[in-house]
Enquirer: 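Following this message is one structure expressed as structure tokens.
Naming convention: chains lettered A, B, ... in sequence-line order (proteins, then strands); numbering from 1 in each chain.
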2 protein chains.
Amino acid sequence: MGNDARRPTLRDIADRVGVSEAAASFALNGKPGVSEATRQRVLQAASELNWAPHHAARALTGAGTATVGLVIARSAQDVGSELFFHRLMTGMQAVLSRRRYALLLQVVDSVDEEIDVYHMWKREHRVDGVVLVDLRRDDPRPEAVAELGLPALIAGGPDPAGVVPSVSIDDAAAMASIMRHLKETGHERIAYLSGPIALLHVHRRVESFLRASADLGIADCRSHATDFSAGAGDTATTSALLGDPRPTALIYDNEVLAVAGVGAIRRMSLRIPEDVAVVVWEDTPVCTVLQPALTALRRDAAGFGADVAERLLQVLAGEKVADFEERVPTLVPRASTVGEPPVCAD
Amino acid sequence: MGNDARRPTLRDIADRVGVSEAAASFALNGKPGVSEATRQRVLQAASELNWAPHHAARALTGAGTATVGLVIARSAQDVGSELFFHRLMTGMQAVLSRRRYALLLQVVDSVDEEIDVYHMWKREHRVDGVVLVDLRRDDPRPEAVAELGLPALIAGGPDPAGVVPSVSIDDAAAMASIMRHLKETGHERIAYLSGPIALLHVHRRVESFLRASADLGIADCRSHATDFSAGAGDTATTSALLGDPRPTALIYDNEVLAVAGVGAIRRMSLRIPEDVAVVVWEDTPVCTVLQPALTALRRDAAGFGADVAERLLQVLAGEKVADFEERVPTLVPRASTVGEPPVCAD
DNA sequence: CTGTTAGCGCGTTCAT
DNA sequence: ATGAACGCGCTAACAG
């Protein structure tokens with residue numbers, strides 16, 4: 001039997017202490033207007049009664065909802081990015097929980113539906129703000145939330161339109177570090193198996209790839225867009241390796257592409273790293289246990305999420321928040337590029 | 001500039017139509033007490049004004065919060081189960097969104113903290129119900145939520161105490177199908193590299209493993225508990241294979257263990273499947289692209305989540321909900337047990 | 001300064 | 001179909 005014994009209310013506390021509800025409210029919120037003695041008695045009573053403010057009542061009086069929203073459009077759902085995504089979310093939560101904020105999650109099928117959700121949330125006062133993920137080129141979302149007056153922060157920006165602040169990862173620097181590593185290990189023909197260029201971060205990576213190629217004087221650099229699927233990883237790898245001259249290094253945009261690619265490479269009887277070196281843009285447990293272990297770019301998804309949450313809370317507090325860039329992900333060299341025995345896992 | 005032009009309220013609609021708020025409320029909620037003509041005019045006005053009920057106001061009057069909570073204790077966070085978890089959540093959301101429910105997420109470090117969160121949520125009226133995941137043996141959570149009177153549903157039961165309804169996956173049948181497959185492919189010495197037995201589902205799997213071993217007359221079956229980490233997968237595999245006589249088949253509880261295990265197997269210069277067959281309890285993209293591809297148990301995590309959400313909503317509607325068991329996961333045989341050329345991905 | 005009263009916020013519900 | 005009270009906490013205005 002659940003104890004549905006009526007929850008204590010402010011009224012109960014006030015009665016018990018023998019003051020008005022207003023006095024109790026002041027005491028509980030640390031506002032002036034009550035003596036220290038009274039304040040203590042109220043606090044005491046509140047904790048004895050195990051009281052907590054009714055969330056809805058609070059929200060009704062204009063305090064926020066202590067909730068931030070996150071909408072996942074199903075495209076952000078491809079197997080390759082699920083892990084990153086999950087870590088981003090839990091990283092956000094680590095910060096939000098500490099501040100007693102909750103995360104409201106919604107899954108939709110399209111960007112249009114996503115915007116509909118923002119409208120709903122705004123009208124119903126369900127969230128104080130939202131986090132935008134997986135930005136595309138010409139993405140309508142920043143404009144939409146700005147127009148709605150829905151506080152927002154972009155995870156993975158910056159916003160080209162500049163209307164919504166963002167926390168982003170320095171894709172250019174990350175790509176540069178990969179290219180530098182490949183240059184140092186003697187590669188002059190590199191192929192980049194990217195995700196769909198419609199994604200802003202993919203687009204930026206491709207640009208950085210070409211820029212790095214120019215900067216480092218690596219003449220033969222080509223990028224091949226995929227839809228992030230294993231099938232695409234397989235075909236793209238095959239066609240890249242059929243190029244003449246054949247690339248000597250392949251950069252994969254995520255784990256799934258990479259693992260599929262490794263399969264394709266093997267099928268062509270090429271050796272890693274002797275014939276082709278491999279780098280993956282995301283370090284996962286799989287990278288360390290494959291033979292050979294894969295050189296990978298390690299990002300701190302949880303830390304990223306924490307920063308995102310932190311900044312969003314600043315936005316909610318009414319502070320001006322500038323675009324922020326995470327520190328550059330580190331490249332973890334392993335046997336797939338350096339050819340030495342695999343670094344021990346952990 | 002965000003349009004903070006005051007949200008329309010019931011008052012606005014009532015005024016515009018020229019009726020009382022009460023009448024408007026009845027009309028909007030499809031309750032009797034208004035003429036059909038009035039109802040239409042109210043509906044019309046509401047949509048013109050783009051009105052939606054203030055969520056907090058609704059919740060305040062006793063209607064629920066249209067929110068279900070999910071707490072992730074960090075242990076449920078080990079890399080091996082993140083993917084399953086993420087899919088469970090999105091599967092839940094698919095159902096919840098459709099019914100306009102939101103998912104409230106919280107990340108904590110321990111079961112105790114998790115229970116604290118339930119207390120908070122209850123006191124603050126923040127959620128209508130919760131989903132319990134990752135049940136342990138002697139888990140205090142079902143009792144706790146029952147005592148709190150917090151509607152709940154267990155994802156991955158059944159609840160040994162029987163106080164909270166559950167949706168569960170038939171681990172016994174799944175294990176039986178794996179064992180049958182191994183028996184058919186000629187194995188008589190099998191090792192099961194499991195997760196921590198403190199977890200209820202792991203415990204059940206181990207039991208089923210031993211039962212299946214007896215049922216099928218496979219004499220030499222041993223289980224080795226791990227903490228799900230890659231390191232543990234490596235050591236456990238090594239020590240299992242050092243047994244005399246050596247097992248001819250290994251069952252891994254998740255992807256990380258399996259991939260680590262494959263590494264250890266290779267290090268011992270054993271061939272898969274000629275010397276050791278490998279089965280993984282979770283089909284992931286990695287299983288299909290490894291060489292050889294790994295035989296794996298395919299579960300529908302998203303469907304599982306959908307069922308969980310569905311049943312929880314029934315609980316919230318006050319219906320009695322019986323324990324429910326998902327259809328048995330299917331074993332996908334691949335080269336790691338049957339020794340044929342790998343099935344093409346997709 | 002300490003504390004009270006009244007009224008708000010928004011939608012629901014009960015007598016009338 | 002209406003006015004009024006209610007749910008719960010916050011806060012402006014007011015009194016001791």
Side-chain angles (χ1 to χ4, degrees), chain A residues 4-43 45-47 49-66 100 120-126 128, chain B residues 4-43 45-47 49-66 100 120-126 128:
Chain A
D4 261 5
R6 197 176 55 68
R7 227 178 53 80
T9 70
L10 242 202
R11 173 82 268 142
D12 298 317
I13 297 182
D15 285 350
R16 176 182 259 245
V17 177
V19 296
S20 67
E21 291 179 69
S25 177
F26 289 144
L28 290 163
N29 294 320
K31 301 212 170 171
V34 266
S35 68
E36 194 47 37
T38 307
R39 186 185 304 279
Q40 287 312 327
R41 285 163 50 227
V42 170
L43 258 25
S47 95
L49 291 175
N50 193 28
W51 176 90
H54 187 130
H55 179 252
R58 270 249 161 110
L60 192 52
T61 65
T65 57
R100 323 225 53 194
M120 286 295 338
W121 281 352
K122 175 69 178 181
R123 297 198 309 182
E124 297 180 349
H125 285 207
R126 266 212 109 159
D128 294 343
Chain B
D4 262 5
R6 199 177 52 70
R7 234 178 48 83
T9 72
L10 238 203
R11 175 79 268 143
D12 298 319
I13 297 183
D15 285 351
R16 175 182 260 244
V17 178
V19 295
S20 68
E21 292 179 68
S25 176
F26 289 143
L28 289 164
N29 294 321
K31 301 213 171 167
V34 268
S35 69
E36 193 48 36
T38 306
R39 186 185 304 280
Q40 287 313 326
R41 285 165 48 228
V42 170
L43 259 25
S47 95
L49 292 173
N50 192 27
W51 175 89
H54 187 131
H55 179 252
R58 272 251 161 106
L60 192 52
T61 67
T65 57
R100 322 223 54 191
M120 286 297 336
W121 280 353
K122 175 70 178 179
R123 296 196 313 182
E124 298 180 349
H125 283 206
R126 263 212 114 159
D128 294 342

Enquirer: Minimum heavy-atom separation for Ile13(B) to Trp51(B), with atom names?
Expert: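 Here Ile13(B) and Trp51(B) meet closest at CD1-CG, 3.5 Å.
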
Enquirer: To the nearest 10 degrees, how far apart in direction are the end axes of the helix from dC1(C)-dG16(D) to dT16(C)-dA1(D), each fit to five base pairs?
Expert: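 Here the helix ends are tilted 50° relative to one another.
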
Enquirer: What is the distance from CG of Asp12(B) to P of dG11(C), rounded to the nearest Å?
Expert: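 Taking atom P of dG11(C) as the reference, CG of Asp12(B) is at 9 Å.
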
Enquirer: dT11(D) phosphate, OP1 or OP2: any side-chain N/O from Lys31(A) under 4.0 angstrom?
Expert: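 For dT11(D), OP1 or OP2 has a side-chain N or O of Lys31(A) closer than 4.0 Å.
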
Enquirer: Keeping Arg39(B) on the side-chain end and Lys31(B) on the backbone end, is there a donor-acceptor pair under 3.5 Å?
Expert: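 Here the side-chain-to-backbone pair exists.
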
Enquirer: Quick one: closest heavy-atom pair of Arg100(A) and Arg126(B), and the distance?
Expert: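 Result for this residue pair: O-NH1, 4.0 Å.
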
Enquirer: Nearest-Å distance, CD1 (Ile13(A)) to C1' (dC8(D))?
Expert: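 It works out to 12 Å between those atoms.
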
Enquirer: Check Val19(B) against Ala24(B) and note the closest heavy-atom contact, atom names and distance.
Expert: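 Result for this residue pair: CG2-N, 4.3 Å.
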
Enquirer: Within residues 17-25 of chain B, find the residues that approach DNA chain C with a heavy atom at under 4.0 Å, and present them sorted by residue number.
Expert: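 Glu21(B), Ala22(B), Ser25(B), in order of number.
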
Enquirer: To the nearest Å, how far apart are Leu10(B) CG and dG3(D) C1'?
Expert: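 Whole-Å distance recorded here is 15 Å.
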
Enquirer: Can you tell me how far the CG atom of Leu60(B) sits from the NE2 atom of His54(A), to the nearest 0.5 Å?
Expert: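 That separation rounds to 5.5 Å.
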
Enquirer: Hey, can you pull the residues of residues 50-61 of chain A with a non-hydrogen atom under 4.0 angstrom from DNA chain D?
Expert: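 Under 4.0 Å from DNA chain D: Trp51(A), Ala52(A), Pro53(A), His54(A), Ala57(A), Arg58(A), Thr61(A).
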
Enquirer: If you measure from NE2 on His125(B) to CZ on Arg58(A), what distance do you get to the nearest 0.5 Å?
Expert: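 Going from NE2 on His125(B) over to CZ on Arg58(A), the span is 14.0 Å.
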
Enquirer: Salt bridge check, Asp15(B) against Arg11(B): does any charged N sit closer than 4.0 Å to a carboxylate O?
Expert: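 The answer is yes: the pair qualifies as a salt bridge.
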
Enquirer: Could you work out, with salt bridge (Lys or Arg N to Asp or Glu O under 4.0 Å) as the rule, every residue matching Glu124(B), not counting sequence neighbours?
Expert: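 Glu124(B) satisfies salt bridge (Lys or Arg N to Asp or Glu O under 4.0 Å) with no residue once adjacent residues are dropped.
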
Enquirer: Should Asn29(B) be listed as having a side-chain N or O under 4.0 Å from OP1 or OP2 of dG11(C)?
Expert: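 Answer is no, no contact under 4.0 Å.
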
Enquirer: Kindly compute the distance separating CG (Asn50(A)) from CZ (Arg7(A)), expressed to the nearest 0.5 Å.
Expert: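 Atom-to-atom, Asn50(A):CG and Arg7(A):CZ are 10.0 Å apart.
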
Enquirer: Provide the closest heavy-atom pair for Asp128(A) versus Ala66(A) in the form atom of the first, atom of the second, distance.
Expert: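 Between these two residues, the closest heavy atoms are OD2-N, 2.9 Å.
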
Enquirer: Going from CD on Glu21(A) to CG on Leu28(A), what distance comes out if it is rounded to the nearest 0.5 angstrom?
Expert: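 Between Glu21(A) CD and Leu28(A) CG, I get 11.5 Å after rounding to 0.5 Å.
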
Enquirer: Where do Ala27(B) and Leu43(B) come nearest, in terms of heavy atoms and distance?
Expert: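 Closest approach of Ala27(B) to Leu43(B): O-CD1, 4.0 Å.
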
Enquirer: Near DNA chain D, counting only heavy atoms under 4.0 Å, which residues of residues 32-41 of chain A show up?
Expert: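 Heavy-atom contacts with DNA chain D come from no residue of residues 32-41 of chain A; none.
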
Enquirer: Which atom pairs link the protein and nucleotides 13-16 of chain D when you take only N or O atoms and keep those under 3.5 Å?
Expert:
none

Enquirer: So which heavy atom on Val34(A) is nearest to which on Thr38(A), and how close?
Expert: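 What the structure gives for the nearest pair is CG1-CG2, 4.3 Å.
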
Enquirer: Arg11(A) has an atom CZ; how far is it from atom C1' of dT4(C), in whole Å?
Expert: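 Value for this atom pair: 12 Å.
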
